[in-house]
Amino acid sequence: MIKYAKDRDGFITALLGLSSSITIAWFIIYLIFNVFWSRIFDISFGLMIIMFIELLFMPSFEYWNARNRYDYHYKPIVISSLIISIATALVSIPLIMSNENKAQAAIIARILVSVLVYLIPFVLIIKKSRLFFKKEYWKFALGFNLPLILHFVSTIVLGQSDRIMIGRIVSE
């Protein structure tokens, strides 16, 4: 926000373009090798598709939140968080009660509500600027974040490994 103060909207849209491109690239890799990934993660193909949809739209919400925090606009952040929390509960309960696979129903309900909310900032960001690619912005973002990828991946693996091991050894 500080480095590109004169073109914050363009910078955020370019970051959205970068994160969307990366998500789409990983989605294509997943589609090509989906049997391999499904075996490793023990997650159904349909659930992985839904999760990729969330991964596509979630960065827009995070960028929108960061911009609002930077501008000291906390009201929209609180309202959107409340909407997600309340709507997730309202959608989850009937879906979980009417479904045999309760864990999957809970995940689908949460993702469905989140994606519907994430679509709003996604559209707002795109309406402000259509600059999906700017070499300078992508280079800065990649240079800043590439060293952090191993840290984030290791955190995710560490956080999920216990669940995966327990599920394989005992049961879910």
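None of the values given here were measured: they were computed from a predicted structure.
Looking at Leu146 and Ile149, their side chains come closer than 4.5 Å, going by heavy atoms from C-beta outward. Between Gln104 and Asn99 there is no side-chain heavy-atom pair separated by less than 4.5 Å. Counting only heavy atoms from C-beta outward, the side chains of Leu112 and Thr88 never approach each other to under 4.5 Å.
Residue pairs meeting the ring pair (Phe, Tyr, Trp, His ring centres under 6.0 Å) criterion with at least one member in residues 77-112, sequence neighbours excluded, do not occur. Applying the ring pair (Phe, Tyr, Trp, His ring centres under 6.0 Å) rule to pairs touching residues 64-88 yields Phe61-Trp64, sequence neighbours excluded.
Taking CG of Leu18 as the start and CG of Asn145 as the end, the distance is 8.5 Å to the nearest 0.5 Å. Ser20 OG to Ile126 CD1: the interatomic distance, rounded to the nearest 0.5 Å, is 7.5 Å. The line from CD1 of Ile50 to CD1 of Ile107 is 9.5 Å long, rounded to the nearest 0.5 Å. The CG atom of Leu95 lies 12.5 Å from the CG atom of Leu90; values are rounded to the nearest 0.5 Å. Going from atom NZ of Lys3 over to atom OH of Tyr137 covers 10.5 Å, rounded to the nearest 0.5 Å. The structure places OG of Ser81 at 6.0 Å from CG of Asn65, a figure rounded to the nearest 0.5 Å.
Contacts of Phe45 classified as side-chain contact (heavy atoms from CB on, under 4.5 Å), with partners at least two apart in sequence or in another chain: Tyr30, Leu31, Asn34, Ile49.
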Run the numbers on Tyr63 and Ser19 for side chain to side chain contact (heavy atoms under 4.5 Å, CB included), then give the verdict. CA-CA 11 Å; Tyr63 300 147; Ser19 61; 3.4 Å; yes

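Ile53 and Ile28 fall within a single hydrophobic cluster, where Ile, Leu, Val, Met, Phe, Trp and Tyr are joined by side-chain heavy atoms under 4.5 Å apart, directly or via other members. No continuous path of hydrophobic side-chain contacts links Phe144 to Phe152 [ILVMFWY only; heavy atoms under 4.5 Å]. Placement of Ile43 and Phe27 within a single hydrophobic cluster is found when ILVMFWY residues are connected by side-chain heavy-atom separations under 4.5 Å, directly or transitively. Residues Leu124 and Ile77 do not share a hydrophobic cluster, defined by chaining ILVMFWY side chains whose heavy atoms lie under 4.5 Å apart. Linking ILVMFWY residues whenever their side-chain heavy atoms come closer than 4.5 Å, directly or via other members, leaves Val78 and Ile84 in distinct clusters.
Contact record, Ile125 with Ser60: CD1-O, 3.5 Å, taken as the closest heavy-atom pair. Counting all heavy atoms, side chain and backbone alike, Arg110 lies closest to Ser92 at N-OG, 4.5 Å. Residue Val115 comes nearest to Glu54 through the heavy atom pair CG2-CA, 3.7 Å, listed as atom of the first residue, atom of the second, then distance. Residue Ser129 comes nearest to Thr13 through the heavy atom pair O-CG2, 3.0 Å, listed as atom of the first residue, atom of the second, then distance. Among all heavy-atom pairs drawn from Ile83 and Val117, the shortest one is CG2-CG2, 4.1 Å. In terms of heavy atoms, Trp138 sits closest to Ser21 at CH2-OG, 3.6 Å.
Sparse packing is recorded around NZ of Lys128, with 12 or fewer heavy atoms of other residues, nucleotides or ligands lying under 6.0 Å away.
Aromatic rings of Tyr118 and Phe57 (six-membered ring for Trp) have centroids beyond the 6.0 Å cut-off, not under it.
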